[in-house]
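Order of the sequence lines fixes the chain letters, A, B, ..., with proteins taken first and strands second; residue numbering starts at 1 for each chain.
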2 protein chains.
Amino acid sequence: MQSDVVASRSAEHRDSRESKNGTPPLDAVSLGIIEQLQEDGRRPYAAIGKAVGLSEAAVRQRVQKLLDQGVMQIVAVTDPLTVGFRRQAMVGINVEGDTEAIADALTDMAEVEYVVMTAGSFDVLAEIVCEDDDHLLDVINKRIRALPGVRSTESFVYLKLKKQTYMWGTR
Amino acid sequence: MQSDVVASRSAEHRDSRESKNGTPPLDAVSLGIIEQLQEDGRRPYAAIGKAVGLSEAAVRQRVQKLLDQGVMQIVAVTDPLTVGFRRQAMVGINVEGDTEAIADALTDMAEVEYVVMTAGSFDVLAEIVCEDDDHLLDVINKRIRALPGVRSTESFVYLKLKKQTYMWGTR
DNA sequence: GCCACTCCTGCGAAATCCGCAAGTCTCGGT
DNA sequence: ACCGAGACTTGCGGATTTCGCAGGAGTGGC
């Protein structure tokens, strides 16, 4: 169930470079499967198979592998404001020293939902999801700014979420 | 199938304020359902019902309503880098005039996956997902900066995505 | 007190999921 | 060039799940 990582780079010679940490690039069929599941995460395997030209069992195995490899995850996503988390913010962080270490530390925080290393006037962007102002303040001032190597931060409190899609590949 | 939007504000008197545009706040049971589906978007309704103390049919109806209302969506999410979109960026935008109009215009762009209005030194944050540098440059310079009312923009090109979860409610 | 509305439950039929065994193909070694 | 290994694919039952529908319980409005 795990040795396939090595082998699945077979019959695909149109894609030269790997995209990240050893995960093989995806072929057109897997892309199609992902596309189907981005439209509806609960779509039956048989319907997906019909769309991408595969049998139901084949789709099932591919989906399972994609999930196991961590290439995709099938989840419910919500607007946090609707679910009771009333304070969110994007925090831009400047780091001196090991940027990746800071990013890892942020990753370990439960309130941090999104961490990305960037080029530009911030080294790291982190999205924070909290229940109220006190909680948000605590995370930013007590926890993030306390990390060794954090030079400065700038916060952007969310006022309104306008769009949130996961449709890349579907266009 | 659509008139329920008007009617569904009834039997809820335990929660005073609405979270956004008329959508009623969620009760503990719906929260529990969402939590289950955030762990696994394909979890069977019967299993969810056992976890939250409801029948299979009741869970099914609630899930359907949550989807119809747009409170949640069940989708496959991926790391865009793995799927062939090699250039992403967060763009901070300053607006003069109608901020919401700009946000709506951004929402209509296919390459824009995430739009949020913020307080702070940017009025709007938008996440862009593109295939390559040319594509990204085109979107930022030709399309976003061309919008009437956009005063200035600042881009943060993604170098590495470190964390991406959808587990709020599950902690 | 009655009506309108929502929500939950129970059940049978249809569809789907899941594991298994065998066939096909490509790649790599000899 | 042959041969074996590994992975992908296919087809097929049985268990599970999904789906639609009808009935009952609880609640607010008139």
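- In this structure, the nucleotide among dG11(D), dC8(C), dG10(C) sitting nearest to the side chain of Leu54(B) is dC8(C).
- Atoms CG (Leu37(B)) and P (dT18(D)) sit 10 Å apart, rounded to a whole Å.
- Using a 4.0 Å cut-off, some side-chain N or O of Lys65(B) falls inside it from OP1 or OP2 of dC7(C).
- Residue Arg62(A) has its side chain nearest to dT9(D) when only dC7(C), dT17(D), dT9(D) are considered.
- At a threshold of 4.5 Å between non-hydrogen side-chain atoms, the residues Phe156(B) and Val91(B) do not count as touching.
- Between the CG atom of Leu67(A) and the P atom of dC18(C) there is a distance of 11 Å, given to the nearest Å.
- Side-chain atoms of Val75(B) and Thr165(A), non-hydrogen and from C-beta on, never get closer than 4.5 Å to each other.
- The shortest distance between the side-chain N/O atoms of Arg42(A) and the OP1/OP2 oxygens of dT18(D) is below 4.0 Å.
- Side-chain contact between Thr153(B) and Phe122(B) is absent, with no heavy-atom pair separated by less than 4.5 Å.
- Nearest to the side-chain atoms of Tyr45(A) among the listed nucleotides dT16(C), dT9(D), dC18(C) stands dC18(C).
- The separation between Arg43(B) atom CZ and dT16(C) atom C1' is 18 Å, rounded to whole Å.
- Rounded to whole Å, the distance from CD on Gln61(A) to P on dC18(C) is 12 Å.
- The CD-C1' distance, from Glu56(B) to dA15(C), rounds to 13 Å in whole Å.
- The residue Arg60(B) sits close to a base: some heavy atom pair falls under 4.0 Å.
- A donor-acceptor pair under 3.5 Å is absent between the side-chain atoms of Lys162(A) and the main chain of Ala126(B), judged by distance alone.
- What separates CD of Gln64(B) from C1' of dC21(D) is a distance of 16 Å, to the nearest Å.
- For Ser55(A), taking side-chain heavy atoms from C-beta onward, the closest of the listed nucleotides dC8(C), dT10(D), dG10(C) is dT10(D).
- In this structure, the CG atom of Asp68(B) is 14 Å from the P atom of dT6(C), given to the nearest Å.
- Ion pairing between Arg62(B) and Asp27(B) holds under the 4.0 Å rule for side-chain N and carboxylate O.
- Summarising the geometry, the separation between CD1 on Ile74(A) and C1' on dC17(C) is reported as 13 Å, rounded to the nearest angstrom.
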